[in-house]
Amino acid sequence: QVQLVESGGGLVQAGGSLRLSCAASGRTLNWYAMGWFRQAPGKEREFVAAISRSGGSRVYADSVKGRFTISRDNAKNTVYLQMDSLKTEDTAVYYCAADHDTPVGASISRYVYDYWGQGTQVTVSS
């Protein structure tokens with residue numbers, strides 16, 4: 001099993017930046033594609049970004065493309081989400097997730113991911 005812990009959330013003004021981290025323990029992340037998802041109050045959990053095991057393949061939701069960047073450091077067992085040009089509609093709880101069953105590429109479907117962190121709150125004020 002792998003345990004995931006997110007950090008880096010907080011309150012930021014629109015147009016600002018935040019960097020989320022997802023630290024893993026229990027197993028090396030080399031064997032997992034990783035994803036970031038978010039859930040706003042009263043809404044479904046939605047895909048934000050994902051990265052393949054090697055980091056060579058990345059995919060983004062249209063709503064964050066060009067503003068968010070997902071990356072990973074397998075040596076540190078950590079995945080990151082750099083969020084720039086934040087908008088009020090980015091306000092949500094952000095979750096990282098690990099997928100053991102996608103050897104190439106990365107999935108945008110939350111149902112594929114096996115392990116989840118507890119989430120970190122991101123609030124963007126106007």
Side-chain angles (χ1 to χ4, degrees):
Q1 285 213 0
V2 61
Q3 292 78 42
L4 304 173
V5 178
E6 303 95 337
S7 61
L11 174 64
V12 64
Q13 286 192 327
S17 297
L18 282 174
R19 188 194 196 202
L20 304 184
S21 298
C22 173
S25 61
R27 295 192 68 180
T28 176
L29 280 186
N30 296 55
W31 297 105
Y32 297 86
M34 299 296 295
W36 284 97
F37 293 77
R38 66 187 182 187
Q39 188 166 18
K43 294 189 176 181
E44 294 274 322
R45 190 169 298 189
E46 65 174 3
F47 169 76
V48 175
I51 188 167
S52 61
R53 292 181 180 183
S54 67
S57 176
R58 308 177 193 195
V59 61
Y60 298 93
D62 288 343
S63 59
V64 307
K65 204 172 293 183
R67 300 188 297 120
F68 290 12
T69 303
I70 188 171
S71 61
R72 65 190 299 159
D73 186 337
N74 286 343
K76 294 183 178 180
N77 240 24
T78 302
V79 177
Y80 305 97
L81 185 69
Q82 177 66 40
M83 306 187 295
D84 299 318
S85 302
L86 282 161
K87 304 176 180 180
T88 55
E89 52 262 44
D90 294 318
T91 295
V93 177
Y94 282 71
Y95 299 89
C96 71
D99 166 22
H100 190 261
D101 297 323
T102 302
V104 177
S107 176
I108 67 172
S109 170
R110 68 181 189 263
Y111 301 107
V112 169
Y113 289 82
D114 308 292
Y115 303 102
W116 293 81
Q118 83 291 346
T120 185
Q121 176 71 47
V122 171
T123 303
V124 184
S125 64
S126 58

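Note that the coordinates shown come from a computational prediction; the quantities given were computed from them, not determined experimentally.
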Q: Treat each ILVMFWY residue as a node, draw an edge where side-chain heavy atoms are under 4.5 Å apart, and state whether Met83 and Phe47 are in one component.
A: no
Q: Should the ring pair Tyr115 and Tyr32 be called parallel, tilted or perpendicular, given that the plane angle runs from 0 to 90° and is split at 30 and 60?
A: perpendicular
Q: Using the salt bridge (Lys or Arg N to Asp or Glu O under 4.0 Å) criterion, which residues pair with Arg72? Sequence neighbours excluded.
A: none
Q: Look at the aromatic rings of Phe37 and Trp116 and report parallel, tilted or perpendicular, splitting at 30° and 60°.
A: tilted
Q: Can you check whether Thr78's main-chain N or O pairs, donor with acceptor, with Asp73's side chain at less than 3.5 Å?
A: no
Q: Checking Gln82 side chain against Thr69 main chain: does a donor-acceptor pair fall under 3.5 Å?
A: no
Q: Give a yes or no answer on whether the side chain of Glu6 reaches the backbone of Gln118 with a donor-acceptor pair at less than 3.5 Å.
A: yes
Q: Have a look at Leu18 and tell me which of Asp84, Thr123, Leu86 forms a side-chain contact (heavy atoms from CB on, under 4.5 Å) with it.
A: Leu86
Q: Testing the basics here: between Leu20 and Gly9, what is the closest heavy-atom pair and its distance to 0.1 Å?
A: CD2-N, 3.6 Å
Q: State plainly whether one hydrophobic cluster holds both Trp36 and Ile51, where clusters connect Ile, Leu, Val, Met, Phe, Trp and Tyr through side-chain heavy atoms under 4.5 angstrom apart.
A: yes
Q: Which donor-acceptor pairs under 3.5 Å do side chains of residues 103-111 form with protein atoms, sequence neighbours excluded?
A:
unit_1: Ser107; atom_1: OG; unit_2: Ser109; atom_2: N; d: 3.0
unit_1: Ser109; atom_1: OG; unit_2: Tyr111; atom_2: N; d: 3.3
unit_1: Arg110; atom_1: NH1; unit_2: Arg45; atom_2: O; d: 3.2
unit_1: Arg110; atom_1: NH2; unit_2: Glu44; atom_2: OE1; d: 3.0

Q: Using residues 56-64 as the side-chain source, report each donor-acceptor pair under 3.5 Å to any protein atom, sequence neighbours left out, with the distance given to one decimal.
A:
unit_1: Arg58; atom_1: NH1; unit_2: Ile70; atom_2: O; d: 2.8
unit_1: Tyr60; atom_1: OH; unit_2: Ile70; atom_2: N; d: 3.0
unit_1: Asp62; atom_1: OD1; unit_2: Lys65; atom_2: NZ; d: 3.1

Q: From Leu11 CG over to Thr91 OG1, what is the distance, rounded to the nearest 0.5 angstrom?
A: 8.5 Å
Q: Heavy-atom distance under 4.5 Å between the side chains of Arg27 and Gln1, does that happen here?
A: no
Q: Roughly how far apart are Asn74 CG and Met34 CE, rounded to 0.5 Å?
A: 9.5 Å
Q: Please give me the minimum heavy-atom distance between Val93 and Gly119, naming the atom from each residue.
A: CG1-CA, 3.8 Å
Q: Quick one: closest heavy-atom pair of Tyr113 and Gly35, and the distance?
A: CE2-N, 3.5 Å
